[in-house]
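Throughout, numbering of the chain's residues begins at 1 and tracks the sequence.
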Amino acid sequence: IALTFAEQAPPLLRGRALTVLGRLAMWQGDYAGMHGPMNEAVSLLRPLGDSASLAYALHGLGIATGFLGDVSAARRLIDEAAAMIADPPEALQVWIEYWRGLVEEWDRDIDAAYQAYERALRIARQLGHRTAIAHSLAVLGRLAAATGNHVVGVNALAESLRVFLDHEDR
């Protein structure tokens, strides 16, 4: 609906709507379909000076680019998004670190991935963002278990499950 009158919408609103469209494509499993809207969103938002909207779109474009297999470009986009986030920490920082971790996994840099996931968890805990805590614990647990650190993996996954269930985020 937001894009129905997109040609008449101001660039900021169109850029935000395209960012949401790209995210929707991702959550529906249409990874290739998220790149176009995210790329257009970044093009629209870059000259506007709204760093929060641009950071969110850059982060999404980084994810989309990673799904298309260009890990180095994905890393650059996610790094650019991260550089736009100021203190104090906010939820977007958690998700940037979360996805940075996945990009590092795609690049087979397990240590960098683990560090990114740990940063995501630390920020999520600082913010008290239960969904982000649970997701960060889940990826840390999965990565720990996959690399043979079964005790840490099981503990992180168990805590993640408890947080998801307590938060009723299934």
Pair Phe164, His135 - check ring-ring contact (aromatic ring centres under 6.0 Å, His included), show working. CA-CA 8 Å; Phe164 276 126; His135 280 277; 5.1 Å; yes
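- Both Leu48 and Leu61 are assigned to one and the same hydrophobic cluster, defined by single-linkage of ILVMFWY side chains at heavy-atom distances under 4.5 Å.
- The CG atom of Leu77 sits 10.5 Å away from the CD1 atom of Ile63 when rounded to the nearest 0.5 Å.
- Met38 and Leu24 sit in two unconnected hydrophobic clusters of ILVMFWY residues. Membership requires side-chain heavy atoms under 4.5 Å apart, directly or through other members.
- Without hydrogens or angle criteria, Ser160 side chain to Ala156 main chain gives no donor-acceptor distance under 3.5 Å.
- For the pair His129 and Thr131, the minimum side-chain heavy-atom distance is below 4.5 Å.
- Between Ala57 and Ala41 the shortest heavy-atom distance is CB-CB, 4.2 Å.
- Between Phe67 and Trp106, the gap from one ring centroid to the other is short of 6.0 Å.
- Heavy atoms only, all atoms of each residue included: Pro47 and Ser43 are closest at CD-O, 3.3 Å.
- To the nearest 0.5 Å, atom CG of residue Asn39 and atom CG of residue Leu44 are 10.0 Å apart.
- Looking at heavy atoms from C-beta onward, Asp50 lies out of side-chain contact with Leu45 at the 4.5 angstrom threshold.
- At a threshold of 4.5 Å between side-chain heavy atoms, the hydrophobic network of Ile, Leu, Val, Met, Phe, Trp and Tyr places Leu165 and Leu157 in two separate groups.
- The minimum heavy-atom distance between Gly101 and Ala113, with the atom names listed, is O-CB, 3.3 Å.
- Neither side chain, Gln93 nor Tyr98, offers a donor N or O lying under 3.5 Å from an acceptor on the other.
- Side chains of Arg100 and His59: no donor on one and acceptor on the other come within 3.5 Å.
- Glu90 approaches Leu127 most closely through the heavy-atom pair C-CD1, 3.4 Å.
- Across every non-hydrogen atom of Tyr117 and Ser136, the tightest pair is O-CB, 4.3 Å.
- Taking OH from Tyr31 and CG from Leu68, the interatomic distance works out to 12.0 Å, rounded to the nearest 0.5 Å.
- The existence of a salt bridge linking Arg75 and Glu80 is excluded, since no basic side-chain nitrogen approaches an acidic carboxylate oxygen closer than 4.0 Å.
- Between Arg142 and Glu105, some side-chain heavy-atom pair lies under the 4.5 Å cut-off.
- Atom-to-atom distance recorded for Glu40:CD and Leu21:CG is 9.5 Å, nearest 0.5 angstrom.
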Walk me through whether Ile110 and Leu143 qualify under side chain to side chain contact (heavy atoms under 4.5 Å, CB included). CA-CA 8 Å; Ile110 300 306; Leu143 186 59; 4.0 Å; yes
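- Contact annotation: the side chain of Thr19 never approaches that of Ser53 to less than 4.5 Å [non-hydrogen atoms, C-beta and beyond].
- Between atom CD of residue Glu97 and atom CD of residue Glu104 there is a gap of 9.5 Å, rounded to the nearest 0.5 Å.
- Smallest separation of non-hydrogen atoms from Gly22 and Pro37: N-CB, 3.9 Å.
- Under the 4.5 Å side-chain contact rule for hydrophobic residues, Leu92 and Met34 share a cluster.
- Looking at heavy atoms from C-beta onward, Arg16 lies out of side-chain contact with Val20 at the 4.5 angstrom threshold.
- For the atom pair CG of Leu121 and CG of Leu137, the computed distance is 4.5 Å after rounding to the nearest 0.5 Å.
- Linking Ile, Leu, Val, Met, Phe, Trp and Tyr residues whenever their side-chain heavy atoms come within less than 4.5 Å leaves Leu161 and Val151 in two separate clusters.
- Under the side chain to side chain contact (heavy atoms under 4.5 Å, CB included) rule, Val71 has a single partner from Val103, Asp109, Thr65, which is Val103.
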